[in-house]
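These notes are about the structure you will find just below.
Chain A is the first sequence line, chain B the second, and so forth, proteins listed ahead of strands; every chain is numbered from 1. Scope of the values below: all heavy atoms of this structure, side chains included, with no hydrogens, waters or symmetry mates.
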There are 4 protein chains.
Amino acid sequence: MSQDDQIMSISAAELKQYIERAENLEEEKATILEHIKEVFAEAKARGFDVKVMKQLMKIRKMKKEDLVLQEELLELYRRALNEG
Amino acid sequence: MSQDDQIMSISAAELKQYIERAENLEEEKATILEHIKEVFAEAKARGFDVKVMKQLMKIRKMKKEDLVLQEELLELYRRALNEG
Amino acid sequence: MSQDDQIMSISAAELKQYIERAENLEEEKATILEHIKEVFAEAKARGFDVKVMKQLMKIRKMKKEDLVLQEELLELYRRALNEG
Amino acid sequence: MSQDDQIMSISAAELKQYIERAENLEEEKATILEHIKEVFAEAKARGFDVKVMKQLMKIRKMKKEDLVLQEELLELYRRALNEG
DNA sequence: CGCTTAATATAGCCAC
DNA sequence: GTGGCTATATTAAGCG
């Protein structure tokens with residue numbers, strides 16, 4: 001086996017590691033997506049309107065992100081005052 | 001508290017449960033996505049071509065899906081024969 | 001007629017052209033979809049299982065896409081080697 | 001070759017015909033979709049807002065369908081009067 | 001008619 | 001920073 005071959009097979013093995021890690025994570029993601037679907041299906045079966053639920057979640061998410069933005073803004077102000 | 005109020009608050013509580021379950025799963029999903037990004041970033045830092053990696057993963061995924069489709073087809077045939 | 005009006009009417013006319021082109025294509029698409037339906041209806045009337053047919057078509061399509069992906073991957077490798 | 005084999009191969013050939021007809025139509029459909037994309041891309045390059053265009057097209061389509069419905073309704077009235 | 005699957009529209013992301 | 005591309009969300013259709 002030449003040195004190049006060794007390097008190649010090391011690279012290939014390393015590449016394989018990365019790809020498999022990514023693929024495993026993709027599978028986990030798929031599982032999560034399944035679970036999310038199940039939650040909505042269950043809620044629907046209990047008579048809730050899934051569309052409305054998703055809308056609610058969007059709004060809640062925006063509010064959260066908004067809070068984060070506000071906090072970042074406060075932090076900026078703080079720094080500006082300390083450095084000013 | 002009227003009976004309607006009770007029903008309403010039960011429904012509201014139940015709805016909240018569903019939404020929170022969904023939101024928690026969404027957070028898990030976001031975490032997974034972070035991890036996937038990290039894997040690719042690390043591979044890139046080690047000199048691998050991310051575009052090639054993703055292409056490889058696509059092909060591997062497609063092969064898997066193909067197997068699933070083939071099995072589904074066999075199942076369809078089986079049913080067709082049983083019912084024929 | 002002011003210059004703005006001229007510009008506006010030019011834009012409006014141009015926009016109309018684009019929309020009509022798109023709409024004509026949409027109609028052609030609708031016609032094609034009709035024809036596809038007819039083929040399946042005819043096959044069904046001749047005793048074929050439409051579900052099986054569609055499954056077969058899916059597999060055939062996936063095989064084709066796989067070939068395309070493989071070729072794209074080869075191209076990616078080629079470029080990587082040239083640039084390496 | 002048994003009679004069954006003959007029947008099978010006739011069926012298989014016929015099935016192939018149907019599948020190929022469907023696949024050809026699918027290809028035509030794909031071509032049309034490409035063209036539609038091109039129209040929107042061109043319009044976008046000329047400065048038009050594709051989202052707005054699509055909205056306009058939706059409205060125009062609804063108006064058309066509305067007209068058809070109105071005409072069908074008129075036809076119903078006509079028949080009712082003639083027969084009444 | 002509802003429910004599952006396919007088509008389309010939108011949005012987020014990445015590379016240039 | 002923009003444009004292309006992929007992933008997701010929404011909508012429509014086909015099927016039982």
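Both B/Leu33 and C/Leu33 sit near DNA chain F, but only B/Leu33 has its closest nucleotide nearer the 5' end.
Salt-bridge annotation for A/Arg46 and A/Glu42: absent, with no side-chain N of the basic residue lying under 4.0 Å from a carboxylate O of the acidic one. A salt bridge does not link D/Lys37 with D/Glu34: none of the charged nitrogens is closer than 4.0 Å to a carboxylate oxygen.
Contacts between residues 50-66 of chain A and DNA chain E, defined by a heavy-atom separation under 4.0 Å, are absent.
With hydrogens and angles disregarded, no donor-acceptor distance shorter than 3.5 Å links the side chain of A/Asp66 to the backbone of A/Met62. The backbone N or O of B/Leu69 sits less than 3.5 Å from a side-chain atom of C/Gln55, completing a donor-acceptor pair.
Distance B/Ile36 CD1 to F/dT8 C1': 14 Å, rounded to the nearest Å. B/Phe40 has its CZ atom 15 Å from the C1' atom of F/dC5, to the nearest Å. Across the protein-nucleic acid pair, B/Glu26 atom CD and E/dG12 atom C1' stand 14 Å apart, rounded to whole Å. The distance from atom NZ of A/Lys44 to atom C1' of F/dT10 is 14 Å, rounded to the nearest whole Å. Look at CG on D/Asp49: it is 13 Å from P on F/dG3, rounded to the nearest Å. In this structure, B/Leu76 places its CG atom 14 Å from C1' of E/dT5, rounding to the nearest Å. The CD-P distance, from B/Glu34 to F/dA7, rounds to 16 Å in whole Å.
A/Lys29 has a side-chain polar atom (N or O) that falls below the 4.0 Å cut-off from OP1 or OP2 of F/dT8.
The shortest side-chain heavy-atom distance between C/Ile59 and C/Lys63 falls under the 4.5 Å cut-off.
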Using the side chain to side chain contact (heavy atoms under 4.5 Å, CB included) rule, take B/Lys61 and A/Glu26 through it: C-alpha gap first, then chi angles, then the decisive distance, then the call.
CA-CA 10 Å; B/Lys61 195 180 176 192; A/Glu26 288 285 352; 5.8 Å; no
